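I have placed the structure first, in the form of structure tokens, so that the comments after it can refer back to it.
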Amino acid sequence: MKSLTSIVVFVILCLGLFPISFSFVKAQCPPGWNYVSMPFGPDPNGCAWTVEFCYKCGITGGSPANLKVIAVKPINPFNSPCTLPTADNLWLIPQLQIIYNNMCTVPPCSEGCRTFVLEMPICYQWVTYGWQNPDNSFHYSSWKQPCPTGDYCLISWKSCLDFDPPPPENGEIVPCSIDPGPGYTLVPKVCNQSSLSENPPGTPNIDFVGIRFRTECHKLYECP
């Protein structure tokens with residue numbers, strides 16, 4: 001559990017060092033949900049990412065999700081060689097669960113388990129980040145980013161927290177008695193079925209500074 005403690009400390013520091021980025025992304029969080037933007041990685045390809053997500057503790061009412069991923073983009077957008085998070089973001093899920101367990105009260109395993117629900121986007125589009133150098137020249141970097149209104153996969157599994165230090169000898173840690181593994185549910189929204197080109201869009205026909213969506217939303221992954 002000491003390693004978990006180290007991760008939690010790192011997360012707290014990151015939350016203070018990496019503030020909210022784009023207000024239009026924050027607006028995608030449902031009313032009453034919290035917005036966070038923070039670094040993750042490296043992923044299996046050695047790339048680090050800024051992940052923006054919404055979360056809500058406790059019972060979430062009509063929307064069963066506890067955490068919604070809304071953006072995954074390079075930490076440094078300036079000429080980043082990283083254009084796409086790998087392996088359907090599966091490397092990201094355990095890290096997100098640890099962070100949620102730190103931000104919200106999750107019952108200890110001695111009290112049984114609760115269901116953790118994560119919305120993971122499966123539809124992406126090319127976006128481009130533009131910046132201007134001191135010599136007034138414009139430059140651009142592109143990557144694939146989740147679509148704000150695209151299809152997503154709702155992933156659910158059982159979760160609880162262990163004790164650190166362990167409870168007394170007469171204490172009992174109750175594991176998840178029924179663990180069917182993660183469940184997946186496709187939530188269809190707006191997403192083209194054709195594949196998204198591996199090649200980023202060319203130089204934009206208008207100079208700009210900041211981020212712009214460059215293509216339509218295409219399904220990049222399948223919901224298992």
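As a basis for the values below, the full set of heavy atoms in this structure was taken, side chains included, without hydrogen atoms, waters or symmetry mates. Predicted, not measured: the structure shown is a model, and the values here were computed from it.
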Give a yes or no answer on whether the side chain of [X] reaches the backbone of [Y] with a donor-acceptor pair at less than 3.5 Å.
X    : Y    : result
D43  : G46  : yes
W126 : S197 : yes
E52  : S37  : no
S141 : P77  : yes

List the atom of [X], the atom of [Y], and the distance in Å for their closest heavy-atom pair.
X    : Y    : result
P74  : C82  : CG-O, 3.5 Å
Y124 : P121 : CE1-O, 3.9 Å
F213 : Q145 : CE2-NE2, 4.5 Å
H218 : C191 : C-SG, 3.4 Å
T128 : S142 : OG1-OG, 2.7 Å
C57  : M103 : SG-O, 3.9 Å

Once you round to the nearest 0.5 Å, how far does [atom1] of [X] lie from [atom2] of [Y]?
X    : Y    : atom1 : atom2 : value
T149 : Q125 : OG1   : CD    : 7.5 Å
L67  : K56  : CG    : NZ    : 13.5 Å
W49  : W143 : CH2   : CH2   : 9.0 Å
L118 : I93  : CG    : CD1   : 5.5 Å
N45  : L84  : CG    : CG    : 9.0 Å
K73  : T83  : NZ    : OG1   : 16.0 Å

Restricting to pairs with a member in residues 134-145, which pass salt bridge (Lys or Arg N to Asp or Glu O under 4.0 Å), not counting sequence neighbours?
K144-E198
Less than 4.5 Å apart, any side-chain heavy atom of M120 and any of L96?
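The answer is yes; the side chains approach within 4.5 Å.
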Mind checking whether I70 and Y35 have side chains closer than 4.5 Å, heavy atoms only?
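Side-chain contact under 4.5 Å: yes.
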So C147 and C123, disulfide bond (SG atoms under 2.5 Å apart) or not? Walk me through it.
CA-CA 6 Å; C147 298; C123 287; 5.9 Å; no
Co-members of V209 in a cluster of I, L, V, M, F, W and Y side chains, linked at under 4.5 Å:
F138, Y140, F208
Give me the other members of the hydrophobic cluster that V117 sits in, counting Ile, Leu, Val, Met, Phe, Trp and Tyr linked by side-chain heavy atoms under 4.5 Å, directly or via other members.
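Members other than V117 - counting any ILVMFWY side chain reachable under 4.5 Å - are Y152, L154, V187.
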Determine whether V127 and V190 fall in the same hydrophobic cluster, where Ile, Leu, Val, Met, Phe, Trp and Tyr are linked whenever their side-chain heavy atoms lie under 4.5 Å apart.
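In one cluster: no.
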